[in-house]
Amino acid sequence: MIVPILKQEQFLIASIQGELTDQELLLLRDQLVDKVRQYRSRGVLIDVTVLDIMDSFAARTLRSIAHMTRLLGAQTIVAGIQPDVAISMVQLGLSLEDTIVAMDLEDGLAILRKGARSNDADGRT
């Protein structure tokens, strides 16, 4: 399954539409990192609302996306983790560590916009 990656302002939005294989997660990672560099994006929002499970590989891949994009100067937010998924992740000892999470797509975009305004006010581009 191909994950659509949309460019909105200076941000990228990847909306996962269904369960992804490990290979598809790695492809998403590579595409996001390439597009952050290509578009000089300031933020990445990954919407995981439709996911009913999050295994250790998916959690690790999301963390690695956040770390890679941070090295390129973009903030990454994971949005839409369902309550049952959050409970399962905690029970399995999975975490997204330093990754910012948001309740939904709208909250995630608000966080990215707020961060972009803060950086502009600080004189960073």
Side-chain angles (χ1 to χ4, degrees):
M1 166 180 300
I2 295 174
V3 177
I5 301 173
L6 307 173
K7 184 177 182 304
Q8 168 96 23
E9 302 162 17
Q10 68 252 28
F11 311 122
L12 297 175
I13 301 171
S15 184
I16 296 175
Q17 306 294 309
E19 301 299 326
L20 299 176
T21 66
D22 292 353
Q23 198 62 28
E24 290 168 332
L25 281 166
L26 292 175
L27 179 61
L28 174 62
R29 179 199 65 196
D30 295 345
Q31 289 175 334
L32 282 171
V33 170
D34 286 343
K35 287 188 182 293
V36 165
R37 185 188 55 75
Q38 176 184 356
Y39 295 121
R40 302 176 59 85
S41 299
R42 311 254 322 263
V44 175
L45 179 57
I46 303 171
D47 182 11
V48 297
T49 303
V50 301
L51 295 183
D52 293 329
I53 57 171
M54 176 99 52
D55 64 12
S56 61
F57 186 81
R60 265 194 331 272
T61 303
L62 290 174
R63 276 195 323 259
S64 71
I65 290 169
H67 291 174
M68 290 174 189
T69 57
R70 188 176 307 125
L71 289 171
L72 296 173
Q75 180 180 36
T76 295
I77 296 177
V78 175
I81 296 175
Q82 297 299 317
D84 290 342
V85 174
I87 291 168
S88 296
M89 287 176 69
V90 170
Q91 290 173 341
L92 294 171
L94 303 176
S95 76
L96 295 177
E97 290 174 5
D98 297 330
T99 306
I100 300 169
V101 294
M103 290 289 287
D104 56 26
L105 189 69
E106 186 176 335
D107 287 342
L109 276 172
I111 293 168
L112 285 174
R113 287 182 179 128
K114 182 179 178 184
R117 282 193 305 272
S118 295
N119 285 344
D120 289 343
D122 292 341
R124 287 180 260 165
T125 57

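Because only heavy atoms are used, hydrogens play no part in the values below, and waters and symmetry mates are left out as well, while side chains stay in.
Residues Thr76 and Arg70 are not in side-chain contact: their nearest non-hydrogen atoms beyond the backbone lie 4.5 Å or more apart. In this structure the side chain of Leu32 reaches within 4.5 angstrom of the side chain of Ile46, judged on heavy atoms. When side chains are defined from C-beta on, Gln17 counts as touching Pro4, because their heavy atoms get closer than 4.5 Å.
Hydrophobic clustering (side-chain heavy atoms under 4.5 Å, transitive across Ile, Leu, Val, Met, Phe, Trp, Tyr) keeps Val78 apart from Ile100. Transitive grouping of hydrophobic side chains (ILVMFWY, heavy atoms separated by less than 4.5 Å) keeps Leu105 and Ile16 in distinct clusters. Taking hydrophobic clusters as Ile, Leu, Val, Met, Phe, Trp and Tyr residues chained together by side-chain heavy-atom distances below 4.5 Å, Ile13 does not share a cluster with Leu72. Linking ILVMFWY side-chain heavy atoms closer than 4.5 Å, directly or via other members, places Leu96 and Met103 in two distinct hydrophobic clusters. Criterion: ILVMFWY side-chain heavy atoms under 4.5 Å apart, direct or through other members. Under it, Leu25 and Val101 are part of a common hydrophobic cluster.
Few gaps surround CD on Gln38; more than 12 heavy atoms of other groups in view lie less than 6.0 Å from it. Surrounding CD1 of Ile2 are at most 12 heavy atoms belonging to other residues, nucleotides or ligands under 6.0 Å away.
The salt bridge (charged side-chain N to carboxylate O under 4.0 Å, His left out) pairs that include a residue from residues 8-27 are Glu9-Arg113, where partners are two or more places apart or lie in different chains. Residues in residues 43-59 take part in these side chain to side chain donor-acceptor pair (under 3.5 Å) pairs, two or more places apart or across chains: Asp47-Thr49.
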* To do: For the pair Asp104 and Asp107, evaluate side chain to side chain contact (heavy atoms under 4.5 Å, CB included) and give the outcome as yes or no after the intermediate values.
  => CA-CA 5 Å; Asp104 56 26; Asp107 287 342; 3.4 Å; yes
* Asked: Please walk me through it: do Phe57 and Leu26 pass side chain to side chain contact (heavy atoms under 4.5 Å, CB included)?
  -> CA-CA 10 Å; Phe57 186 81; Leu26 292 175; 3.8 Å; yes
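For Ile77 against Ala102, the heavy-atom pair with the smallest separation is CG2-CB, 3.8 Å. What you find for Phe11 and Leu109 is that their closest heavy atoms are CD1-CD2, 4.4 Å. Taking both residues in full, the closest heavy atoms of Leu45 and Ala79 are given as CD1-CB, 3.7 Å, listed atom of the first, atom of the second, then distance. Taking each heavy atom of Ala59 and Ser95 in turn, the nearest pair found is CB-O, 4.3 Å. Looking at every heavy atom in both residues, Val36 comes nearest to Leu12 through N-CD1, 3.7 Å. The two residues Ala66 and Thr99 come nearest to each other via the heavy atoms CB-OG1, 3.6 Å.
Results of the side-chain contact (heavy atoms from CB on, under 4.5 Å) test with Leu28 over Thr61, Ile5, Leu62 single out Ile5 as the only residue that passes.
In this structure, the separation between CD on Gln75 and CG on Leu112 is 5.5 Å, given to the nearest 0.5 Å. For the atom pair Ile65 CD1 and Met68 CE, the distance stands at 8.0 Å (nearest 0.5 Å). For the atom pair CG (Asp34) and CZ (Arg29), the distance works out to 10.0 Å, reported to the nearest 0.5 Å. Taken from CD1 in Ile81 to CG in Leu51, the straight-line distance is 9.0 Å, to the nearest 0.5 Å.
With sequence neighbours left out, Gln31 forms a side-chain hydrogen bond (donor to acceptor under 3.5 Å, both in side chains) with no residue at all.
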